[in-house]
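To keep things clear, I will list the structure first and then write my remarks on it.
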Amino acid sequence: MEVKNLINGQLCTADSDRTADVFNPSTGEVITQVALSSDADCDRAVQAASNALQAWKNTPIIDRARIMFRYRDLLEQNFEQISALITTEHGKTLAESRAELKRGIEVVEFACGIPSLFMGQSLSNIATDVDSDVQRHPVGVCLGITPYNFPAMVPMWMYPIALVCGNTFILKPSEKVPLSAQKLGELLLEAGCPDGVFNIVHGDRSSVDVLLAHPDVAAVSFVGSTPAAKAVYAKGTAAGKRVQAAGGAKNFCLVMPDADPDLAVKALAAASFGCGGQRCMATSIAVPVGGIADSLVDRLSTHADRLTVGPTHQGDSVDMGPLIRREHVEHVESYLQAATEDSARVALDGRRGFDSNGFLLGPSVVDHVSFDTGLAQEEIFGPVLSVVRASTLEEAIALSHQCEFGNGASIFTSSGAAARKFREEFNAGMIGVNVGVPAPMAWFPFTGWNGSFFGDLHVQGAEGIQFYTRQKVTLTRWPERADDFEDPIWSSNR
Ligand code: NAD
């Protein structure tokens with residue numbers, strides 16, 4: 001499949017000599033190349049989005065919503081094709097790709113309700129004969145920059161909501177996974193999205209820098225690693241734009257002595273090793289509380305060792321696919337090497353010696369991890385679960401206050417009191433109780449805290465609508481007599 005930019009309703013070749021390889025991580029083969037757009041390509045996309053803005057924001061809101069209804073149908077009709085594309089360029093299993101796409105379609109379904117969601121507020125007779133109301137307006141040209149680990153879902157967190165709010169949009173997908181985004185864009189045109197309203201510019205951080213500096217871009221949604229999120233937030237806000245920037249994570253899972261052990265082991269394995277640990281909500285630290293650590297580590301290692309790991313492009317026969325790139329496998333493996341040097345114990349070693357050119361690495365469980373080491377402090381973003389033992393719930397919760405990140409955290413317990421204390425005191429924005437991956441669905445915001453988020457309004461749900469709109473308050477008075485000059489609000493007689 002050829003990768004092209006989508007500008008002003010046309011698929012077009014980027015005007016650039018710089019390219020990046022796109023791999024099938026299951027086979028290790030290069031499947032295509034993506035041109036990394038030039039400054040001129042970025043500018044053309046912003047021009048197209050700016051030119052389309054006025055007509056789009058004046059399009060009746062129900063017509064904008066109807067495009068999303070048609071888009072939803074097209075996404076359903078093309079569901080298997082898009083899922084297969086995600087698996088091809090990312091490497092996750094087909095089941096994981098289907099689940100990702102479903103989560104994305106739910107955002108489109110949320111966006112279909114925009115006429116109700118967009119409504120303002122009004123109050124009659126706020127002062128004598130004065131009525132007041134507040135209405136929402138779009139912010140303008142919006143930019144979305146997305147990571148490799150959810151090629152469809154993360155872009156879909158952004159543009160369906162931005163577009164129904166009357167904004168135009170430029171998507172800069174991850175250069176590692178450009179194919180799914182392109183298909184999503186083609187379907188949006190087929191659904192009736194007018195030329196220039198939705199645009200795609202492929203590229204790397206240099207394209208991001210050009211788009212971030214462009215005076216005609218009003219708002220920026222970023223999802224990716226913490227260093228990049230910090231940089232985008234700083235540059236975007238310095239250039240006067242509103243920015244929401246979601247970053248990396250180090251997600252904890254506490255297992256209390258009263259937890260159902262079967263549920264805890266299965267959920268923990270799925271949360272740690274699903275998508276090869278390449279989820280921003282993946283569990284990467286297990287904290288067994290009290291005397292259950294030995295048995296939890298044993299059961300978890302046995303369970304994880306039975307997971308089949310292999311190429312995913314030929315169907316659904318494996319539990320876990322490859323990582324995104326060979327260098328990433330090497331990066332993740334370096335933590336297993338460090339574990340030995342840090343006197344942690346590798347209870348399960350994922351370096352299985354695979355007979356494949358794919359970027360494969362099995363699940364690993366590292367026990368007795370000291371909390372001040374890289375295994376506990378850094379985002380590994382691979383199938384490595386660090387076990388940090390704690391004696392009490394209080395001790396386990398205290399660890400979260402020494403962590404740079406604050407995306408998600410779960411507890412497995414049968415005690416309502418423990419669950420409540422955890423929910424109230426754990427230092428992270430998304431909490432699971434007997435749920436392994438507490439990722440909010442489309443109607444709720446994705447509320448990362450600390451170094452996992454920079455900005456004020458998060459993606460998805462009502463916060464998404466707030467982010468992509470600004471409000472205008474109107475005070476209205478129709479005096480009955482022309483000589484009635486007294487100001488009903490500022491008058492001292494009020
Ligand atoms: P990444 O930060 O390397 O890249 C993300 C996007 O930013 C890409 O489009 C890339 O081209 C661009 N980019 C990279 N460096 C940049 C820079 N310095 N300035 C501007 N743009 C830059 O992330 P990735 O490796 O593609 O994705 C994995 C990361 O994303 C993990 O850290 C993961 O936790 C995070 N993530 C977070 C969430 C969340 O909701 N918090 C969701 C998904 C992924």
Side-chain angles (χ1 to χ4, degrees), residues 18 20 22 25 34 36-37 42 89-92 100 103-104 107 143-158 170-178 180-181 200-213 217 220-236 238-239 243-251 275-284 323-325 327-328 331-332 378-382 404-409 428-430 437-441 444-455 458-461 463-464:
R18 291 197 314 125
V22 180
V34 55
L36 305 173
S37 297
C42 296
E89 65 179 352
H90 178 281
K92 63 180 73 175
E100 148 169 15
R103 297 285 85 78
V107 183
L143 169 64
I145 304 148
T146 51
Y148 80 80
N149 65 323
F150 285 105
M153 183 188 78
V154 171
M156 292 168 89
W157 281 353
M158 303 171 181
I170 300 162
L171 174 65
K172 204 302 284 171
S174 165
E175 62 277 30
K176 295 186 177 115
V177 291
S180 314
I200 300 177
V201 171
H202 295 288
D204 57 7
R205 59 178 293 183
S206 53
S207 314
V208 175
D209 283 340
V210 173
L211 291 163
L212 269 183
V217 170
V220 181
S221 302
F222 176 91
V223 176
S225 59
T226 288
K230 256 187 201 166
V232 167
Y233 185 76
K235 287 181 193 167
V243 182
Q244 51 179 193
K250 193 79 191 167
N251 305 309
C275 293
Q278 299 166 105
R279 286 179 178 141
C280 65
M281 292 292 278
T283 297
S284 57
L323 302 191
I324 190 71
R325 293 285 181 269
E327 305 81 66
H328 191 49
H331 171 72
V332 176
E378 292 162 18
E379 181 179 47
I380 301 172
F381 219 55
E404 175 191 357
F405 304 99
N407 232 28
M430 291 173 270
V437 182
M441 292 175 70
F444 287 89
F446 208 90
T447 47
W449 281 12
N450 312 326
S452 294
F453 184 74
F454 305 90
H458 298 83
V459 294
Q460 285 197 161
E463 282 199 38

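For ligands, and for the atoms within them, numbers begin at 1 and follow the listed sequence.
Of the options Asn251, Asn149, Leu212, the smallest heavy-atom separation from atom 43 (C) of ligand 1 is shown by Asn149. Of the listed options Met153, Arg205, Lys176, Gln278, Arg205 places a heavy atom closest to atom 18 (N) of ligand 1. When the options Gly247, Gly248, Pro227 are ranked by their closest heavy atom to atom 37 (C) of ligand 1, first place goes to Gly247. Scanning Gly224, Pro147, Gly448, Ser174 for the heavy atom closest to atom 35 (C) of ligand 1 points to Gly224. Between the choices Ile145, Ile324, Val223, the shortest heavy-atom distance to atom 5 (C) of ligand 1 belongs to Val223.
Below 4.0 Å from some heavy atom of Val208 lie the following atoms of ligand 1, by number and element: 20 (C), 21 (N). Within ligand 1, the atoms closer than 4.0 Å to a non-hydrogen atom of Ala228 are 2 (O), 15 (N), 16 (C), 17 (C), numbered from 1 in the order shown. Near Phe446, meaning under 4.0 Å from any of its heavy atoms, are these atoms of ligand 1: 40 (O). Close contacts between ligand 1 and Trp157 involve ligand atoms 40 (O) [criterion: under 4.0 Å to a heavy atom]. Every atom of ligand 1 with a heavy atom of Glu175 under 4.0 Å away is listed here by number and element: 10 (C), 11 (O).
Under the 3.5 Å distance criterion, the side-chain polar atoms of Gln460 are matched with a main-chain donor or acceptor of Met441.
Remark: minimum distance from atom 32 (O) of ligand 1 to any protein heavy atom is reached at Glu379 OE1, 2.6 Å. Among protein heavy atoms, the minimum distance from atom 7 (O) of ligand 1 is reached at Phe222 CE1, 3.2 Å. Looking from atom 39 (C) of ligand 1 to the surrounding protein, the closest heavy atom is Cys280 SG, 3.4 Å. At the top of the distance list for atom 6 (C) of ligand 1, counting protein heavy atoms only, stands Thr146 O, 3.4 Å. With respect to atom 26 (O) of ligand 1, the closest heavy atom belonging to the protein is Tyr148 N, 3.0 Å.
Contact annotation for Phe381 and ligand 1: only side-chain heavy atoms (C-beta onward) come within less than 4.0 Å of the ligand. No part of Val459 comes within 4.0 Å of ligand 1, judged by heavy-atom distances.
Looking at Ser225 next to ligand 1, an N or O pair under 3.5 Å apart turns up. On a distance-only criterion, Thr226 and ligand 1 share no N/O pair closer than 3.5 Å. Residue Val232 has no nitrogen or oxygen atom sitting less than 3.5 Å from a nitrogen or oxygen atom of ligand 1, judged on distance alone.
The closest approach between any non-hydrogen atom of Ala231 and ligand 1 is not below 4.0 Å.
Taking the six-membered ring for Trp and thresholds of 30 and 60 degrees, Tyr148 and His328 have ring planes more than 60 degrees apart, a perpendicular arrangement.
For atom 41 (N) of ligand 1, the nearest protein heavy atom lies under 4.0 Å away.
The heavy-atom pair separating Cys280 from Asn251 by the smallest distance is O-ND2, 2.7 Å.
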